[in-house]
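The structure under discussion appears below in the form of C-alpha cells.
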Amino acid sequence: SIRTGLTGVAVLVALANAGCSDAVTPRDHASAQILVATGVRLAEAGDLDSAAAQFVRAAELDPTNADAHYRLAMVREYESDLAAAVAGYERALAQDSTHAPAHLNVGQLYGRQGEYEIAFEHLEAALRHTQEQEIRAVCHYCFGMIWGIRGDASQAADAYGQAIQLDSTFARAYVAR
C-alpha cells in the first residue's frame, strides 16, 4: 500500500539522516575553532569564566574538537575541579589520542591522585607523541617525582637528569635531584 511505501521511505530517510545529525558541518568546525581561539585569549586575560563558556560552546558545536575539551579541562584543573579536569582531558584524548599536552596533564593529575600506573601510561604516551622539549622535560620530571614517591631514588635521579638534559633551566628538576 501507499501508506506502507511512505512509511518505508520515511524510515529510509530517518536512517540516512541519523548519521548526519551528529556530523560536524564545516561551518560548525570553523566556528568552534574561532570559539577556542577566543577562549584562549580570554583565559590569557584572566577571564576564566568567559573562556570556559567559549570552550563549552566550541565542544557543543564540534564534539570532535580535542582542543576545546583540552582547554576546558585546563580551566577546570585551575579551578581545582580535578574530576572534571580528568574527564575533559580524557574526552580530548578520545578525539585525538596523540594530543601530547592532554596526555601530560592527565598523567600529572593521575600521579597526584596516586594512580601511578595510569600516570606512567599517559606520560609515556605524551613522550611518544611530541618532540617539544618542554613537554618532554616535564614528563621526565613527573617520572622522577613518581619514582621518588615509590622510593626508587636511583630511577628518580635518572628521570630528573633527563629533564635537566632536555631543559637546563628546569629549576624544579635541579632542586628535586
Side-chain angles (χ1 to χ4, degrees), residues 18-44 48 51-147 149-150 155-156 158-160 162-163 165-167 170 172-173:
C20 296
S21 65
D22 291 336
V24 177
T25 67
R27 181 179 176 162
D28 286 347
H29 176 75
S31 295
Q33 295 290 81
I34 292 168
L35 288 165
V36 169
T38 302
V40 168
R41 285 192 299 280
L42 289 165
E44 289 170 350
L48 295 182
Q54 297 296 305
F55 301 141
V56 166
R57 182 70 183 123
E60 289 170 350
L61 279 175
D62 182 359
T64 67
N65 186 316
D67 206 36
H69 296 291
Y70 167 74
R71 301 288 179 169
L72 180 59
M74 289 176 63
V75 171
R76 298 302 181 231
E77 183 176 355
Y78 183 82
E79 296 171 337
S80 297
D81 187 348
L82 301 185
V86 167
Y89 292 132
E90 294 287 3
R91 277 192 300 276
L93 291 168
Q95 298 308 315
D96 179 2
S97 64
T98 68
H99 199 291
H103 277 296
L104 170 62
N105 289 6
V106 78
Q108 288 177 322
L109 290 179
Y110 280 123
R112 287 171 49 190
Q113 295 172 3
E115 299 283 343
Y116 302 128
E117 294 308 315
I118 299 171
F120 272 126
E121 290 172 17
H122 281 288
L123 295 169
E124 289 167 351
L127 287 174
R128 277 194 309 275
H129 297 298
T130 190
Q131 293 303 313
E132 288 184 43
Q133 299 292 63
E134 182 179 353
I135 291 174
R136 297 179 71 77
V138 174
C139 285
H140 287 291
Y141 174 77
C142 292
F143 287 138
M145 289 186 63
I146 293 170
W147 285 119
I149 291 167
R150 288 181 152 187
Q155 286 274 40
D158 287 347
Y160 291 135
Q162 288 179 312
Q165 185 177 2
L166 288 164
D167 182 354
F170 199 9
R172 288 184 296 174

query = Looking just at side-chain N and O atoms, do Y89 and E77 make a donor-acceptor pair shorter than 3.5 Å?
reply =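 Present: a donor and an acceptor within the cut-off.
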query = Between the side chains of N65 and Q33, does any donor sit under 3.5 Å from an acceptor?
reply =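 Checked: N65/Q33 side chains pair up, N/O donor to acceptor below 3.5 Å.
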inquiry  = Going by side-chain contact (heavy atoms from CB on, under 4.5 Å), D62 matches just one of D67, V36, V24. Which one?
reply    =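 Of D67, V36, V24, side-chain contact (heavy atoms from CB on, under 4.5 Å) with D62 is met by V24 alone.
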ask   = More than 12 foreign heavy atoms under 6.0 Å from CD of Q165: is that the case here?
value =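 Atom CD in Q165 is not packed in, count stays at 12 or less.
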request  = Flag yes if more than 12 heavy atoms outside E134 fall under 6.0 Å of its CD atom; otherwise flag no.
outcome  =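 Atom CD in E134 is not packed in, count stays at 12 or less.
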key: Rounded distance [0.5 Å steps], CZ in F55 versus OG1 in T38   =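 Rounded to the nearest 0.5 Å, the CZ-OG1 separation comes out at 9.0 Å.
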message = Measuring from atom CD1 of I146 to atom CD of Q155, what distance do you get when rounded to the nearest 0.5 angstrom?
response =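 It is 12.0 Å, given to the nearest 0.5 Å.
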Determine whether [X] and [Y] make a side-chain contact, defined as any pair of heavy atoms from C-beta on separated by less than 4.5 Å.
| X | Y | value |
| --- | --- | --- |
| L93 | H99 | yes |
| Y110 | L123 | no |
| R136 | Q131 | yes |
| V86 | E90 | yes |

inquiry  = Does the plane of the ring in Y160 sit parallel, tilted or perpendicular to the ring in Y141? Use 30° and 60° as the thresholds.
reply    =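 Tilted: the ring planes of Y160 and Y141 meet at 30° to 60°.
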Check ion pair R41-E44 (N to O, under 4.0 angstrom) =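 Salt bridge: no.
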ask   = Between R76 (side chain) and A83 (backbone), is there a donor-acceptor pair under 3.5 Å?
value =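 Side chain of R76 to backbone of A83: no pair is present.
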Among Q108, R128, H122, E124, the one residue meeting side-chain hydrogen bond (donor to acceptor under 3.5 Å, both in side chains) with H103 =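 When side-chain hydrogen bond (donor to acceptor under 3.5 Å, both in side chains) is applied between H103 and each of Q108, R128, H122, E124, only H122 qualifies.
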